[in-house]
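Only one structure is covered here, and it is reproduced in the block below.
Numbers here simply count residues along the sequence, with the first being 1.
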Amino acid sequence: MRYELVIFDNDGVLVDSEPISNTILAEYLTELGHPTSYQESLRDYMGAAVHRVHDLVEERTGEKLPADFDDTLHSRIFAAFEQELEPVAGVEDVLGKLVADGVPYCVASSGSHERIRVGHRKTGLDQWFEEEWIFSAEDVGRGKPAPDLFLRAAERMGVPPERCVVIEDSPLGVEAAKAAGMDVYGFTSMMPADRLSGVTGHFSDMSQLRELLA
């Protein structure tokens with residue numbers, strides 16, 4: 001295999017969380033007087049850390065979100081995860097192939113460490129990830145689209161950026177991977193391919209990713 005490290009985004013790539021979380025985010029923002037549709041939430045916030053929600057709302061309206069916004073949002077999302085969350089179809093086959101081939105991998109997510117772990121426990125993906133293979137935007141000063149998170153993951157895993165490949169499903173994540181000097185494959189299960197421009201390749205099913213990484 002031509003890569004020494006595979007870096008997975010989490011939401012929408014490992015766990016099928018984007019429909020759940022963006023539905024809840026859109027509803028909560030609307031409830032707070034900032035009308036937001038599900039499609040607008042995907043467009044503006046998919047793949048981003050929660051600070052982007054604060055930044056865009058204040059930039060557009062001049063208003064700050066409530067101090068307990070993050071806690072309330074996360075409690076609603078986690079409650080929904082416990083009821084609805086599933087792993088992305090076929091991703092365990094991909095992880096199993098990497099293990100069989102001896103290829104290191106990790107996760108680098110805009111979500112909090114708690115969000116990653118809640119999702120992994122619910123879906124059973126926690127058996128695939130050691131503690132030291134989990135990286136969150138909480139670990140760095142700037143989340144995606146800045147390259148900091150991916151660069152930290154590569155450094156901690158001991159692999160040069162140019163020997164890494166990132167698996168992403170959002171424009172912000174693709175931008176971050178490219179800024180880090182890494183190849184990136186765009187997962188198009190939710191995001192149209194033309195929104196993931198400049199990637200090394202696209203795929204719409206995890207079985208295709210297995211072939212791309214071979």
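Every pair tested for side-chain hydrogen bond (donor to acceptor under 3.5 Å, both in side chains) that includes a residue from residues 189-201 fails, sequence neighbours excluded, so the list is empty. Sorted by first and then second residue, the side-chain hydrogen bond (donor to acceptor under 3.5 Å, both in side chains) pairs with a member in residues 32-43 read N22-S41, S37-E40; sequence neighbours excluded.
In this structure, Y185 has its ring center at least 6.0 angstrom away from the ring center of F203. Aromatic rings of F129 and Y105 (six-membered ring for Trp) have centroids within the 6.0 Å cut-off, being under it.
Looking at residues two or more places apart in sequence or on another chain, you find no salt bridge (charged side-chain N to carboxylate O under 4.0 Å, His left out) involving E82. Remark: W128 engages no residue in a ring pair (Phe, Tyr, Trp, His ring centres under 6.0 Å) (not counting sequence neighbours). Not counting sequence neighbours, the partners of D11 by the salt bridge (charged side-chain N to carboxylate O under 4.0 Å, His left out) test are R115. Listed by chain and residue number, E31 satisfy the salt bridge (charged side-chain N to carboxylate O under 4.0 Å, His left out) test with R76 (two or more places apart in sequence, or in another chain).
With a 6.0 Å radius and a threshold of 12 heavy atoms from other residues, nucleotides or ligands, E132 has its CD atom above the threshold.
Ionic pairing of R60 and D44 is present here: one or more N-O contacts between side-chain nitrogen and carboxylate oxygen are shorter than 4.0 angstrom.
A donor-acceptor pair under 3.5 Å is formed between the side chain of Q208 and the backbone N or O of D205.
Residue G111 comes nearest to I116 through the heavy atom pair O-CD1, 4.0 Å, listed as atom of the first residue, atom of the second, then distance. When all heavy atoms are compared, the tightest approach of A80 to I20 is CB-CG2, 3.6 Å.
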